[in-house]
Amino acid sequence: MRLAETTQIISIKDERLDIDKISQYRLSFFLSDKECQVAVFDVKKKQLLLFESLEFNPEKSLIKNLETLYNEHILIAAGFWKEIQVFMRNKQFALIPIPVFDRSLASQYVRLNENVDSEKDEFHYKLMDETGAAVAFGYPKEVKEWFREKYPKLSLYFNHQSVAYLKGIQEQLKTKAPASLYLSLNNNEVQIAGYNIERLAIYNQFKFSDANQLIKLVLLTLQQFSAEGQSTPIVLHGVKEHVDLILPILKKYFKHIELGRRPSGILMHPVFNELEDQEYLEVLANL
């Protein structure tokens with residue numbers, strides 16, 4: 001399906017998706033101003049039933065693009081899902097060690113990292129005990145209002161892509177390495193997480209213009225937490241076309257680099273093998 005003003009990049013559906021069982025399905029959105037990934041997950045059977053990746057019309061606002069998606073996508077317009085997840089892909093976030101985290105200061109933490117507008121932005125936080133950090137994050141209030149209007153009787157959960165990614169790599173940590181680095185490539189953006197054994201040491205998100213700039217960002221990140229330097233093992237996730245482009249260059253600079261795995265514990269029909277194992281980790285790990 002190609003929406004009138006939204007370009008569909010990927011659309012995969014398990015034919016067992018049953019409109020009469022939507023009340024046991026979770027609908028997930030991963031949103032940025034440029035794109036959206038949508039997934040439908042059967043909570044009862046732990047099955048992925050639908051995955052789509054869409055590019056938004058760059059001339060329209062996020063809300064207008066959401067409105068187009070809602071109006072022209074039969075499933076998304078359904079009003080009786082079990083629950084709905086919304087993960088924001090933006091720069092409004094900050095990680096704080098849990099022992100010093102104060103939930104009342106969520107907006108101030110985010111403000112240290114990115115410009116915010118207290119009148120227009122909403123702020124939340126997520127405690128991640130397994131990493132020892134809390135993620136404070138913000139997003140436009142109008143996004144929350146839009147979802148509340150469209151799904152007034154449903155459970156809505158808002159979160160940030162950093163939470164999704166860190167959860168996704170948790171089961172792939174190099175537990176025997178003194179330090180390890182994890183990268184996820186999506187368009188010209190990268191999520192970077194560094195670990196000392198199994199403890200999160202650093203997380204950040206960057207835009208980059210080319211492979212050389214990405215190499216510099218990786219090296220600067222390693223300097224901040226790893227004594228292993230370019231020998232630090234690296235696990236790479238991301239959209240295939242970007243991984244294929246960047247991987248050969250990364251291998252010139254770093255000794256131990258490998259492609260990441262698909263999250264475990266999710267039942268997926270073979271039709272989803274169209275997705276490479278290293279693609280959309282954060283989406284699949286949070287179903």
Legend entry - Reference residue Arg16; test salt bridge (Lys or Arg N to Asp or Glu O under 4.0 Å); the match among Asp14, Asp18, Asp20: Asp14
Inset, instruction - Give a yes or no on this: more than 12 heavy atoms of other residues, nucleotides or ligands lie within 6.0 Å of atom NZ of Lys82. - result: no
Inset, instruction - Examine Leu281 and Leu166 and state if one hydrophobic cluster contains both, with Ile, Leu, Val, Met, Phe, Trp and Tyr joined whenever side-chain heavy atoms are less than 4.5 Å apart. - result: yes
Inset, instruction - Check whether any side-chain heavy atom of Glu52 sits under 4.5 Å from a side-chain heavy atom of Gln8, and report yes or no. - result: yes
Inset, instruction - Kindly say whether the aromatic ring centers of Tyr139 and His124 come within a distance under 6.0 Å. - result: yes
Legend entry - Arg148 atom CZ, neighbour heavy-atom count above 12 within 6.0 Å: yes
Inset, instruction - Dump the intermediate steps for salt bridge (Lys or Arg N to Asp or Glu O under 4.0 Å) on Glu274 and Lys240, then the final yes or no. - result: CA-CA 11 Å; Glu274 178 181 331; Lys240 182 182 186 322; over 6 Å; no
Inset, instruction - Would you confirm whether the ring centroid of Phe51 sits within less than 6.0 angstrom of the ring centroid of Phe272? - result: no
Inset, instruction - Write down the atom of Gln37, the atom of Tyr280, and the distance for their closest heavy-atom approach. - result: CG-CE2, 3.8 Å
Inset, instruction - Give a yes or no on whether Tyr157 and Val38 share a hydrophobic cluster (residues Ile, Leu, Val, Met, Phe, Trp, Tyr; joining criterion: side-chain heavy atoms under 4.5 Å apart). - result: no
Inset, instruction - Is it possible for you to say whether Met88 and Tyr125 belong to one hydrophobic cluster, with membership spreading through side-chain heavy-atom contacts below 4.5 Å? - result: no
Inset, instruction - Calculate, to the nearest 0.5 Å, the distance between atoms CG and CG belonging to Asn71 and Leu66 respectively. - result: 10.5 Å
Legend entry - Ring-ring centroid check Tyr109 Phe101, cutoff 6.0 Å: yes
Legend entry - ILVMFWY cluster, Val283 and Val243 together (side-chain gap under 4.5 Å): no
Inset, instruction - Output yes when Glu189 and Lys34 qualify as a salt bridge under the 4.0 Å nitrogen-oxygen rule, no when they do not. - result: no
Run the side-chain donor-acceptor check on residues 190-202: report pairs under 3.5 Å with partners two or more places apart or on a different chain.
| unit_1 | atom_1 | unit_2 | atom_2 | d |
| --- | --- | --- | --- | --- |
| Gln191 | NE2 | Tyr203 | OH | 2.9 |

Legend entry - Euclidean distance, Met268 CE relative to Leu49 CG, rounded to 0.5 Å: 11.0 Å
Inset, instruction - Could you label the plane-to-plane angle of the Tyr70 and Tyr151 rings as parallel, tilted or perpendicular, counting under 30° as parallel and over 60° as perpendicular? - result: perpendicular
Legend entry - Pairwise distance CG(Leu181) to NZ(Lys174) - rounded to 0.5 angstrom: 12.0 Å
Inset, instruction - Check Gln278 against Leu259 and note the closest heavy-atom contact, atom names and distance. - result: OE1-CD1, 4.1 Å
Legend entry - Distance in Å, Phe93 CZ paired with Asn113 CG, rounded so as to fall on 0.5 Å steps: 5.0 Å
Inset, instruction - Pick out which of Leu75, Asp42, Val43 makes a side-chain contact (heavy atoms from CB on, under 4.5 Å) with Tyr25. - result: Asp42
Inset, instruction - Would you check, one step at a time, whether the test ring pair (Phe, Tyr, Trp, His ring centres under 6.0 Å) holds for Phe147 with Phe29? - result: CA-CA 11 Å; Phe147 277 96; Phe29 296 83; 5.2 Å; yes
Inset, instruction - State, without any angle test, whether Asn186 and Glu282 hold a side-chain donor-acceptor pair at a distance under 3.5 Å. - result: no
